[in-house]
Amino acid sequence: KQEVTQIPAALSVPEGENLVLNCSFTDSAIYNLQWFRQDPGKGLTSLLLIQSSQREQTSGRLNASLDKSSGRSTLYIAASQPGDSATYLCAVKYSGNTPLVFGKGTRLSVIA
Amino acid sequence: GAVVSQHPSRVICKSGTSVKIECRSLDFQATTMFWYRQFPKQSLMLMATSNEGSKATYEQGVEKDKFLINHASLTLSTLTVTSAHPEDSSFYICSAGGAGPGNTIYFGEGSWLTVV
């Protein structure tokens, strides 16, 4: 069964800290991996998409890495801000026209 | 701007009635759309795959007669919750796109359904 696990489930950090969110997946034959942000009561915002052939992607203060062989991805957030507080979801796609398999997310709180 | 639009964003209905949720791709044609459901503090779970011009494919445990999906055009899929019950209260969200390896999957804004 294809499963995606995210650790930790919740994280609280003071403003300004750098932090890492972890995602692991059981089947390494992925098509791509995507990180999303979800604010309470809202939909999903795509943050970064990493294709299976890539090792990392960067956007502003965010950096996502992918290690297919070990079945892991990390999302690095630099210089965290209170506005970063949200749930971060990792999702894996296994082929072109198949749905995403989601982890349960990491609930991040950045304290001012 | 949004490339996938979902409507309504919030709806309250009485138990036993039916509710329709629309998902539209605005900038592209989507032969396939996906419908997910999210209960509080849980992750998104795939309900069904909506295929343009053919029947939807439902995940195990999802009742096809209760959750009717219609994908009549390349830009619109609808999810109808029939004979809604309070336990159907949830966040429903659709997605489209992502067929190519570098193509981002876009999600609608989601629809909060409350059945009273």
Side-chain angles (χ1 to χ4, degrees), chain A residues 1-10 21 23-25 29-54 57 59 62 64 66 68 86-109, chain B residues 1-10 21 23 29-52 54 56-60 62 69 77 90-114:
Chain A
K1 183 180 179 183
Q2 297 164 339
E3 294 184 347
V4 177
T5 303
Q6 289 187 247
I7 295 174
L21 308 181
C23 172
S24 61
F25 41 94
I30 69 171
Y31 193 71
N32 60 39
L33 182 146
Q34 201 161 351
W35 283 91
F36 293 89
R37 168 184 173 139
Q38 185 177 29
D39 292 284
K42 303 291 186 181
L44 302 182
T45 300
S46 177
L47 298 174
L48 290 164
L49 168 70
I50 309 178
Q51 299 179 40
S52 62
S53 59
Q54 297 176 325
Q57 283 286 331
S59 175
L62 305 179
L66 174 65
K68 278 201 315 178
T87 295
Y88 289 82
L89 295 166
C90 169
V92 174
K93 192 171 175 63
Y94 285 97
S95 65
N97 221 17
T98 57
L100 294 173
V101 180
F102 283 87
K104 291 188 176 181
T106 294
R107 224 164 36 254
L108 173 66
S109 296
Chain B
V3 295
V4 175
S5 175
Q6 195 170 333
H7 176 81
S9 58
R10 290 183 182 274
I21 301 170
C23 180
Q29 294 180 332
T31 56
T32 302
M33 292 184 179
F34 301 104
W35 286 96
Y36 297 82
R37 180 169 54 186
Q38 185 181 36
F39 291 109
K41 297 188 178 180
Q42 298 294 315
S43 190
L44 283 80
M45 298 299 293
L46 179 68
M47 296 178 65
T49 301
S50 174
N51 304 299
E52 188 269 334
S54 65
T57 306
Y58 291 82
E59 295 300 298
Q60 191 174 9
V62 178
I69 291 174
S77 175
S90 184
F91 184 65
Y92 294 86
I93 191 167
C94 68
S95 75
N103 294 349
T104 301
I105 292 178
Y106 296 99
F107 281 81
E109 303 93 333
S111 300
W112 282 102
L113 171 63
T114 302

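Sequence lines set the chain letters: A, B, ... in the order given, protein chains first and strands last, and positions in each chain run from 1. All values derive from a computational prediction rather than experimental measurement. Only heavy atoms go into these numbers, but all of them, side chains included; no hydrogens, no water, no symmetry mates.
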key: Which portion of B:L44 sits near chain A, non-hydrogen atoms under 4.5 angstrom   = both
ask   = Would you say B:F107 and A:L100 make side-chain contact, with heavy atoms under 4.5 Å?
value = yes
ask   = Where is the tightest heavy-atom contact between B:Y36 and A:P99, given as atom of each residue plus distance?
value = OH-CB, 3.4 Å
query = Can you say whether A:L89 sits under 4.5 Å from chain B via the side chain, the backbone, both, or neither, judging by heavy atoms?
reply = side chain
key: Contacting moiety of A:Q38, where chain B heavy atoms sit under 4.5 Å   = side chain
inquiry  = Once side chain to side chain contact (heavy atoms under 4.5 Å, CB included) is applied, do any residues pair with B:F39, and if so which ones, sequence neighbours excluded?
reply    = B:R37, B:Q42, B:S90
inquiry  = Which atoms of B:Q38 are under 4.5 Å from chain A, going by heavy atoms: the side chain, the backbone, both sets, or neither?
reply    = side chain
task = Check A:G43 against B:I93 and note the closest heavy-atom contact, atom names and distance.
result = CA-CD1, 3.9 Å
request  = Would you mind listing every salt bridge (Lys or Arg N to Asp or Glu O under 4.0 Å) that reaches into residues 95-107 of chain A, with sequence neighbours excluded?
outcome  = none
